[in-house]
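To keep things clear, I will list the structure first and then write my remarks on it.
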Amino acid sequence: MDAATEATRSLQGLSPELTARVPQLLEAMRTVGAGLDLHVTLDRIAATAAELADARYAAIGIIDETRTGLSDFVTYGVTTQQHEQIGALPDGHTGLLGALIHDPRPLRLGNLTEDARSVGFPPGHPPMRTFLGVPIRVQGEVFGNLYLTEKRDGAEFSEEDLHMVRVLATEAGIAIGNARLHAATRQRERWIDGSVAVTTELLAGSDVDDALAVVAEQARKLADSAAGIVLLPDDEGGLEIVAVSADDPAGIMGTQIPNDSPVVEQLLTGEPVFVEDSASDPRMVTDIAQRFGPSMMLPLKSGGRVLGTLATPRSRGARPFTAAERTLATQFAAQAALALVLADAQRDRERLAVYEDRDRIARDLHDLVIQRLFATGMILESAQRRTIVPDVALGVGKAVDELDVTIQEIRTAIFALQQGPAEAPSGLRTRVLREIGTAAVPLGFQPSASFVGPVDSRVGELTGKNLIAALREALSNAFRHAEASRIEVVVDATIRLPDGTDGVRLTVADDGIGIPDSGRRSGLKNLAKRAESLGGCSTYGPGVGKDGTGTTVRWEAPL
């Protein structure tokens with residue numbers, strides 16, 4: 001307000017012509033001060049300034065963080081066709097625009113093309129001669145410059161025009177300051193809401209892979225980046241991409257950054273890495289770096305422990321990340337790391353409770369059920385010896401044999417219940433059977449399983465890990481929604497994908513009620529995202545029930 005008062009005071013004692021234009025100036029100031037959206041405010045300032053000074057063209061150049069060039073350029077009066085003919089907008093490093101950045105003082109010229117600092121216009125640029133430039137200050141700092149060219153009556157911009165535009169620039173600085181404060185507040189709220197969403201999702205019980213996917217997806221959305229990527233340390237001391245959120249994730253999942261990369265040591269010590277252009281930065285050694293421009297690589301660090309890295313690269317040629325965005329993203333990464341630690345601890349508690357319950361069930365089966373079955377078998381054997389009717393003896397003998405088989409099956413179940421996760425072999429076939437066995441308990445029946453081809457030797461570790469996660473998701477969907485009495489699981493490692501590469505197909509078919517026309521599709525979307533991140537796909541169709549009832553899910557990925 002003090003700045004506006006001082007600028008208005010400078011109008012005192014001026015000509016009657018200028019005094020007559022004061023109402024127009026006040027209306028322009030009122031127009032400029034309306035609204036809080038920054039880009040809308042800049043457009044309004046440019047249009048209002050052009051009308052106030054009767055100029056054909058107006059522009060606002062926003063100075064970048066280095067104070068050496070322009071980060072944005074807002075125009076008025078230049079048509080879309082002219083913009084296309086001009087091409088790239090000025091960067092402010094040279095010419096009159098650069099001069100006003102280094103020497104932010106009002107500048108009025110009768111013919112800008114005759115000024116020694118002018119560097120000319122690109123092809124397709126409309127002709128411009130008269131020029132008026134005024135700095136815009138926000139809270140005492142130069143935010144940018146307001147440029148006016150081509151006064152409509154052909155005359156030069158007058159001293160009165162200069163005074164009026166200077167007052168308008170002062171009011172514009174106040175309006176821009178309010179809009180920037182509003183934008184910063186909204187931006188902070190978005191990041192806070194994103195952190196809350198990640199924490200809520202992770203503590204809701206998602207598995208590790210889903211938890212990392214949530215972090216990647218939220219980070220991509222909040223940072224307005226082309227991709228959200230989570231990397232975890234690998235066995236060789238480098239980093240491996242384990243979760244991706246992108247429009248085109250193919251070829252990204254599984255990429256490894258070697259331990260001798262300049263960025264790995266910095267990230268694993270908990271220091272963030274900010275890259276202006278991933279495609280040209282010599283520190284970025286992976287092939288996928290050529291696809292991106294500005295990037296933030298932030299350590300997922302909690303309690304002095306680095307869990308991994310969160311990367312948010314933007315497309316090539318996109319605007320760089322601001323200081324505020326870097327700060328907010330770093331805080332988001334720290335919050336996400338804490339949520340991952342808490343979610344992991346919660347899952348450990350849940351697993352411990354499951355193991356304790358399984359131990360109790362195993363003890364009950366051994367101490368109560370088997371003993372009773374064994375005693376029943378002995379009673380039947382005694383009755384068999386005493387009977388003189390051959391058919392009765394034969395029937396009792398069969399019953400005793402069935403009891404023996406049942407006792408063996410229960411003992412096998414007891415062994416499976418008591419077996420810890422680290423004790424299971426690491427083959428894909430065994431892991432599939434283990435998932436099916438685990439699902440049989442809540443389902444109330446044992447799904448069938450069959451394998452085609454050498455699944456253990458052909459399917460890679462990354463694809464195998466995602467196949468198991470997809471199987472778990474499909475079985476979980478069948479248990480919660482399908483109301484099935486039969487499930488068939490097939491793993492085929494001999495297929496060819498549509499692009500001709502070798503692949504593996506997981507098929508999970510049931511005879512349940514099928515997929516309703518309306519309802520959530522989150523499980524199917526998760527399956528599709530997981531497959532697409534590897535370069536595969538996921539589809540669904542009719543099941544194996546009578547007349548095709550039920551659902552068949554097909555999940556495919558490269559070997």
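By convention here, the first residue in the shown sequence is residue 1. All values below were derived from every heavy atom in this structure, side-chain atoms included, with hydrogens, water molecules and symmetry-related copies excluded.
Donor-acceptor pairing under 3.5 Å is lacking for the side chains of Ser118 and Asp115. When only modelled atom types and interatomic distance are considered, Asn466 and Arg530 share a side-chain donor-acceptor pair under 3.5 Å.
Looking at Ser278, its side chain never comes within 3.5 Å of a backbone N or O of Pro294 through a donor-acceptor pair. The main-chain N or O of Gln82 is found under 3.5 Å from a side-chain atom of Thr79 such that the two form a donor-acceptor pair. Judged by distance alone, the side chain of Thr130 and the main-chain N or O of Glu150 form a donor-acceptor pair under 3.5 Å. A distance-only check finds a donor-acceptor pair linking the side chain of Asp456 to the backbone of Leu428 [under 3.5 Å]. In this structure, Arg314 contributes its side chain and Ala223 its backbone to a donor-acceptor pair below 3.5 Å. Side chain of Arg429 to main chain of Phe451: no donor-acceptor pair is present (N/O by atom type, distance under 3.5 Å, no hydrogens or angles).
The local environment of CD in Glu265 is sparse, with at most 12 non-hydrogen atoms from other residues, nucleotides or ligands closer than 6.0 Å. For CG of Asp287, the number of neighbouring non-hydrogen atoms (other residues, nucleotides, ligands) closer than 6.0 Å is 12 at most.
Of the inter-residue distances, the one linking Thr48 atom OG1 with Glu171 atom CD reads 10.5 Å to the nearest 0.5 angstrom. Between the CD1 atom in Ile241 and the CG atom in Leu212 there is a gap of 12.5 Å [rounded to 0.5 Å]. The distance from the CG atom of Leu231 to the CG atom of Leu307 is 13.0 Å, given to the nearest 0.5 Å. Rounding to the nearest 0.5 angstrom, the gap separating the CD1 atom in Ile229 from the CZ atom in Phe292 is 5.0 Å. Taking CG of Leu471 as the reference point, atom CD1 of Ile436 lies at 6.0 Å (rounded to 0.5 Å). Taking CZ of Arg56 as the start and CE of Met128 as the end, the distance is 10.0 Å to the nearest 0.5 Å.
Side-chain contact between Leu168 and Thr170 is absent, with no heavy-atom pair separated by less than 4.5 Å. Residues Ser538 and Val553 are in side-chain contact: their nearest non-hydrogen atoms beyond the backbone lie under 4.5 Å apart. The shortest distance between side-chain heavy atoms of Leu559 and Thr463 does not fall below 4.5 Å. Using a 4.5 Å heavy-atom threshold, the side chains of Arg505 and Val490 count as separate. Within the 4.5 Å cutoff, side-chain heavy atoms of Arg283 are placed close to those of Val275. Counting heavy atoms from C-beta outward, Asn145 and Leu97 have side chains that stay 4.5 Å or more apart. A heavy-atom distance below 4.5 Å is found between the side chains of Pro126 and Tyr57. Glu240 places none of its side-chain heavy atoms less than 4.5 Å from the side chain of Leu232.
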TODO: Could you walk me through whether Val134 and Tyr147 pass the side chain to side chain contact (heavy atoms under 4.5 Å, CB included) test, one step at a time?
DONE: CA-CA 7 Å; Val134 176; Tyr147 316 107; over 6 Å; no
- [ ] Give the intermediate values and the outcome of side chain to side chain contact (heavy atoms under 4.5 Å, CB included) for residues Ile257 and Thr255.
- [x] CA-CA 7 Å; Ile257 302 178; Thr255 299; 5.5 Å; no
Task: side chain to side chain contact (heavy atoms under 4.5 Å, CB included) between Val455 and Val432, intermediate numbers included - done: CA-CA 10 Å; Val455 296; Val432 168; over 6 Å; no
Task: Criterion side chain to side chain contact (heavy atoms under 4.5 Å, CB included) on Phe73 and Ile60, from CA distance to verdict - done: CA-CA 6 Å; Phe73 198 74; Ile60 297 176; over 6 Å; no
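The nearest pair of heavy atoms linking Pro106 to Leu162 is CB-CD1, 3.8 Å. The two residues Gly254 and Leu462 come nearest to each other via the heavy atoms CA-CD2, 3.6 Å. Closest of all the heavy-atom pairs between Trp555 and Ala531 is NE1-CB, 3.4 Å. Val215 and Ala336 make their closest contact through CG1-CB, 4.1 Å (heavy atoms, listed as atom of the first residue, atom of the second, distance). In this structure, Ala58 and Ala50 approach most closely via the heavy-atom pair CB-CB, 3.9 Å. Scanning all heavy atoms of the two residues, the minimum distance from Pro90 to Leu70 falls at O-CD1, 4.0 Å.
Look at Glu473 and Lys525 and you find no salt bridge, because none of the NZ, NE, NH1 or NH2 atoms lies under 4.0 Å from a carboxylate O.
When the options Arg319, Arg190, Arg188 are evaluated for a salt bridge (Lys or Arg N to Asp or Glu O under 4.0 Å) with Glu325, the one that passes is Arg319.
Evaluation of the side-chain hydrogen bond (donor to acceptor under 3.5 Å, both in side chains) rule for Thr327 yields no partner, not counting sequence neighbours. Every side-chain contact (heavy atoms from CB on, under 4.5 Å) that Arg326 has, sequence neighbours left out, goes to Phe274, Glu276, Met296, Phe321. Scanning for side-chain contact (heavy atoms from CB on, under 4.5 Å) contacts around Val119 gives Thr94, with sequence neighbours left out. Considering only residues two or more places apart in sequence or on other chains, Phe157 meets the ring pair (Phe, Tyr, Trp, His ring centres under 6.0 Å) condition with none of them.
Residue pairs meeting the ring-ring contact (aromatic ring centres under 6.0 Å, His included) criterion with at least one member in residues 84-128, sequence neighbours excluded: Phe121-His125.
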Name every donor-acceptor pair, under 3.5 Å, that has one atom in a side chain of residues 491-500 and the other anywhere in the protein, sequence neighbours excluded.
{"unit_1": "Asp492", "atom_1": "OD1", "unit_2": "Thr494", "atom_2": "N", "d": "2.9"}
{"unit_1": "Asp492", "atom_1": "OD1", "unit_2": "Thr494", "atom_2": "OG1", "d": "2.5"}
{"unit_1": "Arg496", "atom_1": "NE", "unit_2": "Asp502", "atom_2": "OD1", "d": "3.4"}
{"unit_1": "Arg496", "atom_1": "NH1", "unit_2": "Gly500", "atom_2": "O", "d": "2.6"}
{"unit_1": "Asp499", "atom_1": "OD1", "unit_2": "Thr501", "atom_2": "N", "d": "3.1"}
{"unit_1": "Asp499", "atom_1": "OD1", "unit_2": "Thr501", "atom_2": "OG1", "d": "2.7"}

